[in-house]
Peer 1: 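Just passing along the structure, written as structure tokens.
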Amino acid sequence: MLTAERLRELLTYAPETGLFYWKVAPSNGRTVVGSVAGRVNDEGYRKIGIDGRVYAAHRLAYLYMPGEWPKELIDHENLARDDNRWRNLRPATRTQNKANSLPRSACGFKGVYITKKRGKIRWRAQIRAEGHLHSLGYYGTPEEANAAYAAAADKLFGEFARAA
């Protein structure tokens, strides 16, 4: 497993930009000392190959700065997957990381879904925390349902809460 010492032998991390730079040219013959390390993959994450393994740059930043691998996930506070500035990264549980994500529902609000009951359109708010789905009720507008979701998210997730 890659250690902080080995990482620091090979790369320099710039916390203000989030970029890694090669201190030693890797053996591929194409990379020069001082060049930006890694590439952004199809999912938007910067990946860096070291000693035959590929690592996510945000996890390497955590290894580089505190000197240890993160115990769980690393969350990008602003949701930009290639923004690995130190101030944008924070340790997170799976629940916290999921809380700080974009909405996936068609109405554009997180945790809000349209329902039809007895011919009447209503908006259901629900939230998932620690593997449990909690119903927050039915509302007349998506904005009202979103307000219920936002209040629950603030209570459950604190600084990781993102309602829209």
Side-chain angles (χ1 to χ4, degrees), residues 1-113 125-134 146 149-164:
M1 172 149 297
L2 181 66
T3 64
E5 293 75 25
R6 177 69 175 146
L7 176 61
R8 291 180 189 126
E9 284 174 16
L10 299 173
L11 297 167
T12 300
Y13 172 64
E16 63 284 346
T17 65
L19 295 174
F20 283 90
Y21 299 92
W22 289 105
K23 288 168 73 173
V24 177
S27 60
N28 66 17
R30 297 183 309 263
T31 305
V32 297
V33 172
S35 63
V36 174
R39 292 193 180 104
V40 177
N41 70 8
D42 292 344
E43 295 176 342
Y45 292 102
R46 180 168 295 276
K47 300 287 187 157
I48 301 172
I50 300 173
D51 295 337
R53 289 194 58 189
V54 178
Y55 299 92
H58 58 281
R59 294 186 65 79
L60 290 177
Y62 199 86
L63 177 62
Y64 194 97
M65 294 296 282
E68 62 186 24
W69 284 105
K71 292 181 181 22
E72 292 192 55
L73 301 175
I74 298 298
D75 180 59
H76 291 84
E77 189 172 345
N78 69 2
L79 303 181
R81 294 174 172 175
D82 188 31
D83 183 354
N84 296 311
R85 293 173 295 150
W86 185 243
R87 70 174 183 254
N88 188 47
L89 302 177
R90 58 188 174 179
T93 64
R94 185 166 303 284
T95 296
Q96 290 170 325
N97 191 259
K98 196 81 167 150
N100 183 37
S101 65
L102 293 173
R104 294 194 179 125
S105 67
C107 71
F109 293 115
K110 203 167 174 185
V112 176
Y113 306 92
Q126 58 189 30
I127 193 165
R128 184 174 297 277
E130 302 299 332
H132 299 285
L133 185 64
H134 304 276
N146 180 249
Y149 178 90
D154 283 342
K155 184 177 178 182
L156 290 167
F157 308 129
E159 67 179 290
F160 290 87
R162 183 179 296 273

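All heavy atoms count here, side chains included; hydrogens, waters and symmetry mates do not.
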Peer 1: Could you check whether any side-chain heavy atom of Leu2 comes within less than 4.5 Å of a side-chain heavy atom of Leu60, counting everything from C-beta outward?
Peer 2: yes

Peer 1: Please give me the minimum heavy-atom distance between Tyr21 and Ala14, naming the atom from each residue.
Peer 2: CE1-CB, 4.1 Å

Peer 1: Name all residues meeting the side chain to side chain donor-acceptor pair (under 3.5 Å) criterion together with Asn41; count only those two or more places apart in sequence or in a different chain, and write none if there are none.
Peer 2: none

Peer 1: Please report the interatomic distance CG(Asn84) to CD1(Ile74), rounded to the nearest 0.5 Å.
Peer 2: 10.0 Å

Peer 1: So, using side chain to side chain contact (heavy atoms under 4.5 Å, CB included) as the criterion, who are the partners of Asp83 when residues are at least two apart?
Peer 2: Asn78, Ala80, Arg85, Asn88

Peer 1: Could you list the residues that satisfy side chain to side chain contact (heavy atoms under 4.5 Å, CB included) with Pro103, not counting sequence neighbours?
Peer 2: Lys110

Peer 1: Only counting residues at least two apart or in another chain, list the ones meeting side chain to side chain contact (heavy atoms under 4.5 Å, CB included) with Leu10.
Peer 2: Arg6, Trp22, Val24, Ile50, Asp51

Peer 1: Check side chain to side chain donor-acceptor pair (under 3.5 Å) between His58 and all other residues, then give those that pass, not counting sequence neighbours.
Peer 2: none

Peer 1: Enter the distance from Glu72:CD to Thr95:OG1 here, rounded to the nearest 0.5 Å.
Peer 2: 9.0 Å

Peer 1: List for me each residue that meets side chain to side chain donor-acceptor pair (under 3.5 Å) alongside Arg59, sequence neighbours excluded, and say none if there are none.
Peer 2: none

Peer 1: Closest approach of Ala161 and Ala153, non-hydrogen atoms and distance?
Peer 2: CB-O, 3.4 Å

Peer 1: Could you pull out the closest heavy-atom pair between Ser101 and Lys98, with the gap in Å?
Peer 2: OG-O, 2.6 Å

Peer 1: Holding to ring pair (Phe, Tyr, Trp, His ring centres under 6.0 Å), I want the full list of residues that pass it with Tyr55, two or more places apart in sequence or in another chain.
Peer 2: Trp69

Peer 1: Applying side chain to side chain donor-acceptor pair (under 3.5 Å), name anything that partners Gln126, two or more places apart in sequence or on another chain.
Peer 2: Arg124

Peer 1: Of all the heavy-atom pairs spanning Met65 and Arg8, show the shortest one and how long it is.
Peer 2: O-NH2, 3.9 Å

Peer 1: Which heavy atom of Trp86 sits nearest to which heavy atom of Tyr13, and what is that distance?
Peer 2: N-OH, 3.1 Å

Peer 1: Rounded at 0.5 Å granularity, tell me how far OH in Tyr149 sits from OH in Tyr113.
Peer 2: 8.0 Å

Peer 1: State, yes or no, whether a side-chain contact exists between Thr12 and Phe20 at a heavy-atom distance under 4.5 Å.
Peer 2: no

Peer 1: Between Ala92 and Asn97, what is the shortest heavy-atom contact and its length?
Peer 2: CB-N, 4.1 Å

Peer 1: Donor-acceptor pair, Asn100 side chain versus Leu79 backbone, under 3.5 Å?
Peer 2: no

Peer 1: Holding to side chain to side chain contact (heavy atoms under 4.5 Å, CB included), I want the full list of residues that pass it with Ala99, two or more places apart in sequence or in another chain.
Peer 2: Phe157, Phe160

Peer 1: Return the set of residues passing salt bridge (Lys or Arg N to Asp or Glu O under 4.0 Å) with Glu68 (not counting sequence neighbours), or none when no residue passes.
Peer 2: Lys71

Peer 1: Taking salt bridge (charged side-chain N to carboxylate O under 4.0 Å, His left out) as the cut-off, I'd like each qualifying pair that reaches into residues 31-49, sequence neighbours left out, listed once.
Peer 2: Arg46-Asp82

Peer 1: Which pairs with one or both residues in residues 152-164 pass salt bridge (charged side-chain N to carboxylate O under 4.0 Å, His left out), sequence neighbours excluded?
Peer 2: Arg90-Glu159

Peer 1: Answer whether the closest heavy-atom distance between the side chains of Leu89 and His76 falls below 4.5 Å.
Peer 2: yes

Peer 1: So does Ile127 get a backbone contact from the side chain of His134, meaning a donor-acceptor N/O pair under 3.5 Å?
Peer 2: no

